[in-house]
Amino acid sequence: MHLLPLFVSLVNLLFGVDQAEIVFAGDAMQHQAQLQAARQADGTYDYSACFSDIEYLVKSADYAVVNLETPVGSGNFTGYPCFNAPASFAHALRDAGFDLMLTANNHTLDRRDRGVRSTIDSLDAAGIAHIGTYHNAASRLNSLPFVKRISGINVGFLNYTYGTNGITVTGDVVVDYIDRAQMASDIEAVRQAGAEIVTVAVHWGDEYHLIENASQRKLADFLVEQGVDLVIGGHPHVIQPMEVRHNEAMNKDVLVVYSLGNFISNMKTRDTRGGAIVRVNLERDREGVARFVSAAYELVFTVPPSSNGENFKLVPAVGYDGPWSAACRAFVKSAEDIFSRHNVNVQRVER
């Protein structure tokens, strides 16, 4: 008789099962107007007001992840098309409750190799965990596999991008690009390192398209076949559908999120003014197996400054009744239309 499963079941019966909630947010951007709004008279940049209204959404989770879609920390700060933000932007995201920042995206090399290094150094100095870019191959080996114990469940994280806007690495920094062989190897490595849940965050898809493309679907199929539990997408700057699939071969549910849209930005079209936060619930069952069990989303909306001295502010989109309420309602209506027609077993959080 095998005693370990019996022991695990007894422990769970007596003390309850492990449960963890992870929050994933979309693209945290810094356009020129955001830089100008944050700049103080003494030349510093203050983002403390940007996330105060949604901080509770982030901090209520056991762990929170966001895509940092700008280099930070190297000076000469600029918005689109080549982003570069002060380190205080990343600090504000950390203070809002984010534990892990994704750095592999199409703007990763906007400040070339130097920008990659300055971003890594800035995040390290601030005590912010990050994956997706590395000083060199040796640094990647030291950083991965990245496995975090979250409320008793070991969760592994990986991050890849489709490209970097045609800018290439000139030195020895490493950017994790979408490469199926590398991804398969990394997924196996993170499992071997003890990850019970494997998360792959992917920068992919067509900008401003509210429905995923065939390439995204095929890559999602591949990741599900590799045994990934959570596939979290970004890049289109608009929301795209979310679905819970069942992996028959491994008898488990898998979450696929095609795009969370923008977290914060100065984009101005209806569908780019906001994005989704997805709340993911994990649980260890009575047999001791950790599983993804459910997901739900919440919508957020970026409110631009209404006067000098104000900053951009992120707010919960549903129920917002401030000066940008008409634009917010239009965003919510469009997002809910997509989600109601295309989501599979992922509903909005009801508060």
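Worth knowing before you read on, the calculation uses all heavy atoms, side chains too, and leaves out hydrogens, waters and symmetry mates. All values reported here derive from a predicted model rather than from experimental measurement.
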* Asked: If you take all heavy atoms of Leu260 and Ile239, which pair is closest and at what distance?
  -> O-CG2, 3.8 Å

* Check whether any side-chain N or O of Thr161 sits under 3.5 Å from a backbone N or O of Gly163 as a donor-acceptor pair, and report yes or no. => yes

* Atom CZ in Arg273, atom OG in Ser334: separation rounded to 0.5 Å? -> 13.0 Å

* Flag the pair Arg291 / Asp253 as yes when at least one side-chain heavy-atom distance between them is below 4.5 Å, and no otherwise. => no

* Looking only at heavy atoms, what is the nearest atom pair of Leu314 and Ile54, with distance? -> O-CG2, 3.6 Å

* Structure fact -> Taking every heavy atom of Ala276 against every heavy atom of Leu299, the minimum-distance pair comes out as CB-CD2, 4.1 Å

* Asked: Are more than 12 heavy atoms from other residues, nucleotides or ligands located less than 6.0 Å from atom CG of Asp321?
  -> no

* **Identified side-chain contact (heavy atoms from CB on, under 4.5 Å) partner of Leu230 from the options Val200, Leu223, Leu255** => Leu255

* Would Asp95 and Ser48 satisfy side chain to side chain donor-acceptor pair (under 3.5 Å), going step by step from the backbone distance to the final call? -> CA-CA 8 Å; Asp95 295 344; Ser48 58; over 6 Å; no

* Heavy-atom side-chain contact between Gln240 and Ile338 under 4.5 Å -> no

* Tell me, yes or no, whether the heavy-atom count around Gln32 atom CD, taken from other residues, nucleotides or ligands under 6.0 Å, exceeds 12. => yes

* Quick one: do Asp172 and Arg117 make a salt bridge, cutoff under 4.0 Å? -> yes

* Do any N or O atoms from the side chain of Ser60 and from the backbone of Tyr56 form a donor-acceptor pair under 3.5 angstrom? -> yes

* OG of Ser151 to CD of Glu283: how many Å apart, nearest 0.5 Å? -> 12.0 Å

* Any side-chain heavy atom of Glu196 within less than 4.5 Å of one from Leu282? -> no

* Within 6.0 angstrom of Arg180 CZ, more than 12 heavy atoms from elsewhere -> yes

* Could you tell me whether Arg348 sits above the aromatic face of Phe339, with NZ or CZ closer than 6.0 angstrom to the six-membered ring centre and within 45 degrees of the axis? => no

* Asked: Is the backbone of Gly233 close enough, under 3.5 Å, to the side chain of Ser259 for a donor and an acceptor to pair up by distance?
  -> no

* Would you check if the side chain of Asn165 reaches a backbone N or O of Asn106 as a donor-acceptor pair within less than 3.5 Å? => yes

* Gly73 backbone acceptor or donor facing Ser118 side chain under 3.5 Å -> no

* To do: Spell out, yes or no, whether Leu123 and Val174 are grouped together once hydrophobic residues are joined by side-chain heavy atoms under 4.5 Å, including indirect joins.
  => no

* Asked: Side-chain heavy atoms under 4.5 angstrom apart, residues restricted to Ile, Leu, Val, Met, Phe, Trp, Tyr: same cluster for Val257 and Phe292?
  -> yes

* Asked: Under the side-chain contact (heavy atoms from CB on, under 4.5 Å) criterion, do Phe263 and Phe51 qualify, and how do the steps go?
  -> CA-CA 10 Å; Phe263 183 57; Phe51 308 110; 3.7 Å; yes

* **Atom pair CD1 (Ile128) and OG (Ser122), whose distance is rounded to the nearest 0.5 Å** => 8.5 Å

* Going by the angle between their ring planes, with limits at 30° and 60°, are His235 and His237 parallel, tilted or perpendicular? -> tilted

* With a 4.5 Å limit on heavy-atom distance, are the side chains of Thr302 and Met267 in contact? -> no

* Asked: What heavy-atom pair brings Gly152 and Asp18 nearest, and what distance separates the two atoms?
  -> O-OD2, 3.4 Å

* To do: Return yes if some donor-acceptor pair links the side-chain N/O of Ser265 with the main-chain N/O of Met29 below 3.5 Å, else return no.
  => no

* Asked: For the hydrophobic clusters of this structure (ILVMFWY residues joined by side-chain heavy atoms under 4.5 Å, transitively), does one cluster hold both Tyr45 and Met101?
  -> yes

* Asked: Which value, rounded to the nearest 0.5 Å, describes the distance between Ile131 atom CD1 and Leu102 atom CG?
  -> 5.5 Å

* Asked: Taking side chain as C-beta onward, heavy atoms only, is Val58 less than 4.5 Å from Phe98?
  -> yes

* **Atom pair OH/OH of Tyr162 and Tyr177 - distance to nearest 0.5 Å** => 10.5 Å

* What heavy-atom pair brings Glu225 and Met250 nearest, and what distance separates the two atoms? -> O-CE, 4.0 Å

* To do: Say whether Asp186 and Gln182, considering side chains only, have a donor N or O and an acceptor N or O under 3.5 Å apart.
  => yes

* Closest non-hydrogen atom pair between Cys328 and Ala317, with its separation -> SG-O, 3.2 Å

* Asked: Is a side-chain N or O of Lys218 found less than 3.5 angstrom from the main chain of Asn213, in a donor-acceptor match?
  -> no

* Close side-chain approach of Val256 to Glu212, heavy-atom, < 4.5 Å -> no

* Expected output: side-chain Asp99 to main-chain Ala64 donor-acceptor under 3.5 Å -> yes

* Asked: Taking the side chain from Arg112 and the backbone from Asp110, do they hold a donor-acceptor pair closer than 3.5 Å?
  -> yes

* Asked: Which is it for Arg111 and Thr78 under the side chain to side chain donor-acceptor pair (under 3.5 Å) test, yes or no, and what are the steps along the way?
  -> CA-CA 10 Å; Arg111 288 304 172 107; Thr78 54; 2.8 Å; yes

* **Steps toward salt bridge (charged side-chain N to carboxylate O under 4.0 Å, His left out) verdict (Asp221, Arg217)** => CA-CA 6 Å; Asp221 292 343; Arg217 289 191 292 271; over 6 Å; no

* Decide, yes or no, whether a salt bridge links Lys148 with Asp62 under the criterion of side-chain N to carboxylate O below 4.0 Å. => no

* Cluster question for you: counting only ILVMFWY and a side-chain heavy-atom cut-off of under 4.5 Å, with indirect links fine, are Tyr63 and Ile153 together? -> yes

* How far does NE2 of His91 sit from OH of Tyr47, to the nearest 0.5 angstrom? -> 11.5 Å

* **Full working for side-chain contact (heavy atoms from CB on, under 4.5 Å) between Phe146 and Asn159** => CA-CA 10 Å; Phe146 182 89; Asn159 176 214; over 6 Å; no

* Asked: Do the rings of Phe24 and Phe157 sit parallel, tilted or perpendicular, given the 30° and 60° boundaries?
  -> tilted

* Evaluation steps, side-chain contact (heavy atoms from CB on, under 4.5 Å), between Tyr320 and Asp53 -> CA-CA 11 Å; Tyr320 169 72; Asp53 284 3; over 6 Å; no

* Checking Asn266 side chain against Ala33 main chain: does a donor-acceptor pair fall under 3.5 Å? -> no

* **Same apolar cluster: Phe77 and Ile264, side chain cutoff 4.5 Å** => yes

* Please check if any side-chain donor atom of Gln40 sits under 3.5 Å from a side-chain acceptor atom of Asp42, or the reverse. => no

* Side-chain contact test, heavy atoms from C-beta onward, threshold under 4.5 Å: evaluate it for Ser139 versus Ile120 and give yes or no. => no

* Have Asn281 and Ser294 got a donor and an acceptor in their side chains that come within less than 3.5 Å? -> yes

* Answer whether the closest heavy-atom distance between the side chains of Asp27 and His203 falls below 4.5 Å. => yes

* **side-chain contact (heavy atoms from CB on, under 4.5 Å) between Leu68 and His130, intermediate numbers included** => CA-CA 9 Å; Leu68 181 63; His130 55 91; over 6 Å; no

